[in-house]
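One is the number of the first residue; the rest follow in order along the sequence.
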Amino acid sequence: MVMEELDNANFLRDLLRQRSGLMFAESKGYLIESRLAPLARSQGHAGVGAMLRELQRKPDESVVAAIVEAMTTNETSFFRDGRPFQQLAAVVLPQLRRARAATRRLRIWSAAASTGQEAYSIAICLAEAESELRGWQVEIIGTDLATE
C-alpha cells in the first residue's frame with residue numbers, strides 16, 4: 001500500500017508541475033487531501049488515491065483540469081505580499097526605464113492574477129510614476145491558470 005501511495009504522490013506531483021508549474025512539498029499532503037477529497041467524491045471515488053489511480057489508468061482531461069483548478073491558491077488582493085510592489089517601484093521600474101529608454105515601451109505580465117487585483121496594483125504603481133513614464137507605451141497583461 002505504501003508503494004501505491006508513493007506512486008500516486010509522484011503522479012500527482014508530476015501532473016501538477018507539467019500542467020501548471022505548481023510544486024508541492026511532501027509535507028503538504030494535508031493540503032492536497034483537503035483540496036482534492038471533495039473533487040474525488042464528486043467524481044464518484046472513495047478517496048483521492050482512488051481518483052488518481054483511475055486517472056493513471058484512464059486519462060481524462062476534464063479531471064486533470066479540475067485537479068489543477070482545485071490545487072491553485074485562488075487568493076487575490078490589492079498589493080498582495082506588498083514587498084514585490086515596493087521592489088517594482090523602487091528597483092525594477094527604474095531599471096526598466098533605463099533599459100527600454102530607446103523604445104519607450106513597457107509590457108508587464110502579471111501571472112496568477114486571479115480576478116485582477118495584482119494587475120491593477122501594478123497599474124497603480126505605474127500611475128504613481130506617471131511623470132517618468134509620460135509618452136511611454138505601457139501594457140499590463142494579467143492571466144490566471146484557474147478558470148474561475
Side-chain angles (χ1 to χ4, degrees), residues 1-100 103 105-129 133 136-148:
M1 193 64 156
V2 171
M3 195 59 147
E4 186 175 313
E5 289 175 16
L6 182 59
D7 287 344
N8 281 339
N10 288 335
F11 171 74
L12 180 60
R13 184 192 69 237
D14 292 344
L15 177 75
L16 290 171
R17 189 181 70 244
Q18 290 169 0
R19 296 297 178 101
S20 66
L22 293 171
M23 297 175 66
F24 286 90
E26 288 181 32
S27 63
K28 299 289 186 180
Y30 70 93
L31 182 63
I32 291 167
E33 185 67 31
S34 69
R35 290 186 178 182
L36 294 184
L39 176 61
R41 283 191 302 276
S42 76
Q43 295 288 318
H45 297 289
V48 174
M51 178 177 68
L52 294 175
R53 284 189 301 279
E54 175 69 16
L55 191 57
Q56 289 177 76
R57 280 192 301 272
K58 190 171 118 186
D60 181 332
E61 285 302 315
S62 66
V63 175
V64 170
I67 287 171
V68 171
E69 182 87 20
M71 294 308 299
T72 59
T73 301
N74 298 325
E75 177 186 339
T76 190
S77 64
F78 287 99
F79 297 97
R80 186 178 88 192
D81 304 323
R83 186 151 169 78
F85 296 99
Q86 294 166 355
Q87 289 294 107
L88 173 65
V91 177
V92 176
L93 192 53
Q95 290 175 355
L96 286 173
R97 282 197 335 261
R98 285 191 297 275
R100 305 284 171 89
T103 62
R105 293 183 63 186
L106 185 59
R107 177 185 283 173
I108 299 175
W109 176 29
S110 177
S114 191
T115 57
Q117 283 88 334
E118 291 78 11
Y120 281 110
S121 298
I122 292 169
I124 292 168
C125 287
L126 297 180
E128 290 173 350
L133 294 172
W136 282 61
Q137 181 182 351
V138 178
E139 182 179 11
I140 300 168
I141 302 166
T143 63
D144 198 279
L145 176 58
T147 58
E148 289 185 28

Open item on the list: Before you tell me yes or no, could you show the steps for Leu52 and Leu15 under side-chain contact (heavy atoms from CB on, under 4.5 Å), namely the whole-Å CA-CA distance, both residues' side-chain angles and the distance that decides it to 0.1 Å?
Closed with: CA-CA 10 Å; Leu52 294 175; Leu15 177 75; 5.5 Å; no
Nearest heavy-atom approach of Ser121 to Ser77 is OG-O, 4.4 Å
The reported gap from SG in Cys125 to CG in Leu133 (rounded to nearest 0.5 angstrom) is 11.0 Å
In short, Ala129 meets Leu93 closest at the heavy-atom pair CB-CD2, 3.7 Å
#### Entry: Arg53 side chain to Gly49 backbone, donor-acceptor under 3.5 Å
yes
So salt bridge (Lys or Arg N to Asp or Glu O under 4.0 Å) across residues 83-92, not counting sequence neighbours, yields none
Between the CE atom in Met71 and the CD1 atom in Ile32, the distance rounded to the nearest 0.5 Å is 5.0 Å
Hits for side chain to side chain contact (heavy atoms under 4.5 Å, CB included) against Ala65, two or more places apart or cross-chain, chain-then-number order -> none
Residues passing the side chain to side chain donor-acceptor pair (under 3.5 Å) test with Ser62, sequence neighbours excluded, are Asp60
Tell me whether Glu118 contacts the main-chain N or O of Phe78 through its side chain, where contact means a donor paired with an acceptor under 3.5 Å. no
Sorted by chain and number, sequence neighbours left out, side chain to side chain contact (heavy atoms under 4.5 Å, CB included) with Ala66 holds for Leu39
Output for pair (Gln56 CD, Leu12 CG), nearest 0.5 Å, gives 9.5 Å
For Arg19, the salt bridge (charged side-chain N to carboxylate O under 4.0 Å, His left out) test, sequence neighbours excluded, returns Glu61
The reported gap from CG in Leu36 to CG in Leu31 (rounded to nearest 0.5 angstrom) is 8.5 Å
Residues passing the side chain to side chain donor-acceptor pair (under 3.5 Å) test with Glu54, sequence neighbours excluded, are Arg57
With sequence neighbours left out, the residues meeting salt bridge (charged side-chain N to carboxylate O under 4.0 Å, His left out) with Arg41 are none
In short, Asp144 meets Ala113 closest at the heavy-atom pair OD2-N, 3.3 Å
Output for pair (Arg105 CZ, Gln137 CD), nearest 0.5 Å, gives 4.5 Å
On a heavy-atom basis, the closest approach of Val63 and Gln43 is CG2-OE1, 3.5 Å
Here the pair of heavy atoms bringing Ala119 nearest to Gly142 is CB-CA, 4.3 Å
(request) Check the pair Ile108, Ile141 against side-chain contact (heavy atoms from CB on, under 4.5 Å), reporting the backbone distance first and the verdict last. (result) CA-CA 6 Å; Ile108 299 175; Ile141 302 166; over 6 Å; no
Asp14 meets the salt bridge (charged side-chain N to carboxylate O under 4.0 Å, His left out) criterion, sequence neighbours left out, with Arg17
Residues passing the side chain to side chain donor-acceptor pair (under 3.5 Å) test with Arg107, sequence neighbours excluded, are Glu139
Contacts of Phe79 meeting ring pair (Phe, Tyr, Trp, His ring centres under 6.0 Å) (sequence neighbours excluded), chain-then-number -> Phe85
With sequence neighbours left out, the residues meeting side chain to side chain contact (heavy atoms under 4.5 Å, CB included) with Glu128 are Ile124
Those residues at least two apart in sequence (or on a different chain) that pass side chain to side chain donor-acceptor pair (under 3.5 Å) with Gln117 are Thr76, Thr115
To the nearest 0.5 Å, atom CH2 of Trp136 lies from atom CG of Leu96 at 7.5 Å
